[in-house]
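What follows is a short report on a single structure.
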Amino acid sequence: MASGSYSLMWFRKALRIHDNPALEHASRASSFLYPVFVIDPRYMDPDPGAFSPGSSRAGINRIRFLLESLSDLDSSLKKLGSRLLVLKGDPDQTIIRCLKEWNINRLCFEYDSEPYYQSLDEKVKSLASSAGVETFCPVSHTLFNPLEIIKKNGGRPPLTYQSFIKLAEKPSWESSELNIPISSLPPVGDVGSCKIFDVPTLRELGHSDFELDENTPFRGGESEGLKRLKDVLSNQDWVANFEKPKGDPSAFHKPATTVLSPYLKFGCLSSRYFYQCINDVYKDVKHSVPPVSLLGQLLWRDFFYTVALGTPNFDKMKGNRICKQIPWNESDELLVAWREARTGYPWIDAIMVQLRKWGWIHHLARHCVACFLTRGDLFVHWEKGRDVFERLLIDSDWALNNGNWLWLSCSSFFYQYNRIYSPVSFGKKYDPNGNYIRHFLPVLKDMPKEYIYEPWTAPLGVQTKAKCIIGKDYPKRVVCHDSASKDCRRKMGEAYALNQRLHGLVSEHDLTNLRRNLEEKYQTAEMNCRSKRQKRSC
DNA sequence: GAGCCGTTGTCATT
DNA sequence: AATGACAACGGCTC
């Protein structure tokens, strides 16, 4: 053993023991194994200036989910004779310092295709290699290697799901045994002068003033993720017949989807292991197929990872070659109303409350509020909505979040901007009584079901009896959906025409001009509607 | 250049 | 529950 390697396993995602190739490699023929997680203060320290409790980058629910995942990882490592070494500081400097301090000759971490990690890992790898440290960075976060798919497609990512499926074919590891139990790990060596922490609590990080009335019901960690997976798999009929668009977005006591996304996001659950489990259920049973099936959802994830990696400025409108250039509103007033659940549309506001409290909302609920903010009603820039989701979601994932905002705003992938979700009727068809609204917007809990989706239409007597006066206890609508959505359709039409005319090469100047034109044309319409509504005092 | 396809719209009608 | 009108998009294949 004395001649074995000194290995450092750097955890970022892949917060798991099962199907973790980097961890397996790091523990093979090692005298000592140092399992490390670096807490970046920018990600974890409180930021009182942010619009919700949490750090400058993440809301409180996701920080908590991460801490729970780290605790669980630490206890799993301890069962195998090891432990998690938590350090604080700039990730690259901290890792480089550890390599020197501990005489590491092998550095292992999971490949990550996000831009943040692409540049961080480049730096760390080059410093490691100049110090003579071997690095091992396997692809294990996704089913496929996104770089290989892009290469196979001639250097550009496939832009449709079907072309992605054709290119991807079957994963190389499909019939390998991925979840081999580990019985023990090499010991952790001397840590020298490096300051090692236990996994901190939220309070130890300085987060103390977060609301306690209702937080996310989802606990982080590999153990929780595997337990949840087991629960999902125990209902084989449900797994086999799953069809994504058929789920009920208003179900919250028992969500209509798996809620495995936060576990996949942090790598508490291996997407590859999940894939194999689903395939096991599919064997000899009639089952749904991609894109709507459960397996299809994992393929969507890989699809977005691939497009995101192969598209410069994927997370922006400007300089993004697959993104339609659209003259979104520049006012922040409507954005804030949406973000703070004050649009006056109970279905939209209830979803935004659930997002803030739980850090998780159903996929179709995400569609409703994203469509409403952008092309459906408010015409606010998708990047601003993206930022809100990125902060508040416990499962927020760079590629998926940006990809879905591009999709829902009809900026890329999906272009049928006439299909707009109604902020009234969409929710009503699943939950006619408005139980979802009553739970997340208790101010409306006594509103009769006839009015709960459109409380501004309730007679004053009804509002009084329900102890909810519109304009006082609950806000008036920020826009009238009928006219606002019609304006949005026309604006999208004009923006699309401009993009087509200029072959996508729309300059800042072109966009400003169009914005000015559209404002002149449509401001009057919405103003008229607003004053009409004021006369009706709704 | 035409034709087909696209994970998940709404509303009215049957 | 299923259908068609609404009004009609871009990407891909041929």
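Because only heavy atoms are used, hydrogens play no part in the values below, and waters and symmetry mates are left out as well, while side chains stay in.
- Closest to the side chain of A/Arg419, from the set C/dG10, B/dT8, B/dC11, is B/dT8.
- Between C/dG11, B/dT10, C/dC9, one nucleotide has an atom nearer to the side chain of A/Thr160 than all others, and that is C/dG11.
- Contact check on A/Lys13 versus A/Glu114 returns a salt bridge, with a Lys/Arg side-chain nitrogen under 4.0 Å from an Asp/Glu carboxylate oxygen.
- Contact check, A/Arg489 against C/dA7: no side-chain N or O comes under 4.0 Å of OP1 or OP2.
- For A/Asp487 and A/Arg490, the salt-bridge test passes: some basic side-chain N is under 4.0 Å from an acidic carboxylate O.
- Atom CZ of A/Arg321 and atom P of C/dG10 are 17 Å apart (whole Å).
- Counting to the nearest Å, the C1' atom of C/dA5 and the CG atom of A/Asn418 are 12 Å from each other.
- Set against B/dT10, B/dT7, C/dC9, the side chain of A/Tyr496 has C/dC9 as its closest nucleotide.
- Atom CG in A/Asn499 sits roughly 12 Å away from atom C1' in C/dG10 (whole-Å rounding).
- Residues A/Arg272 and A/Ser140 meet the side-chain proximity criterion, which asks for heavy atoms closer than 4.5 Å.
- For the C1' atom pair drawn from C/dG10 and B/dT10, the interatomic distance equals 22 Å after rounding to whole Å.
- Listed nucleotides: B/dT10, C/dC12, B/dT7. Nearest to the side chain of A/Phe426: B/dT10.
- Taking atom C1' on both C/dA8 and C/dG4, the two are 15 Å apart, rounded to the nearest angstrom.
- As a whole-Å value, the separation of A/Arg490 CZ from C/dA7 C1' is 13 Å.
- Put simply, A/Ser425 has a side-chain N or O that comes within less than 4.0 Å of OP1 or OP2 on B/dC11.
- Atom CZ in A/Arg156 sits about 15 Å away from atom C1' in C/dC12, given to the nearest Å.
- Atoms OH (A/Tyr161) and C1' (B/dT8) sit 13 Å apart, rounded to a whole Å.
- Across all strands, A/Gln500 comes closer than 4.0 Å only to sugar-phosphate atoms, never to a base (heavy-atom distances).
- Between A/Ile420 atom CD1 and C/dA7 atom P the separation is 13 Å, expressed in whole Å.
- Side chain of A/Phe414, nearest nucleotide from B/dT7, B/dT8, B/dT10: B/dT8.
- Checked against a 6.0 Å centroid threshold, the rings of A/Tyr474 and A/Tyr345 do not count as neighbours.
- Regarding contacts with the backbone of B/dC11, every side-chain N or O of A/Lys429 stays at 4.0 angstrom or more from both OP1 and OP2.
- Under 4.0 Å is where a charged nitrogen must lie from a carboxylate oxygen, and between A/Lys465 and A/Asp446 no such pair does.
- Atom P of B/dT7 sits at a distance of 26 Å from the matching atom of C/dC6, rounded to the whole Å.
- With salt bridges taken as basic N to acidic carboxylate O contacts below 4.0 Å, none links A/Lys151 and A/Glu148.
- Within the shown strands, C/dC9 is the pairing partner of B/dG6 under the Watson-Crick or G-U definition, both distances less than 3.5 Å.
- Distances from the side chain of A/Ser422 to the nucleotides C/dC9, B/dT8, B/dT10 place B/dT10 closest.
- The CD1-P distance, from A/Ile322 to C/dC9, rounds to 20 Å in whole Å.
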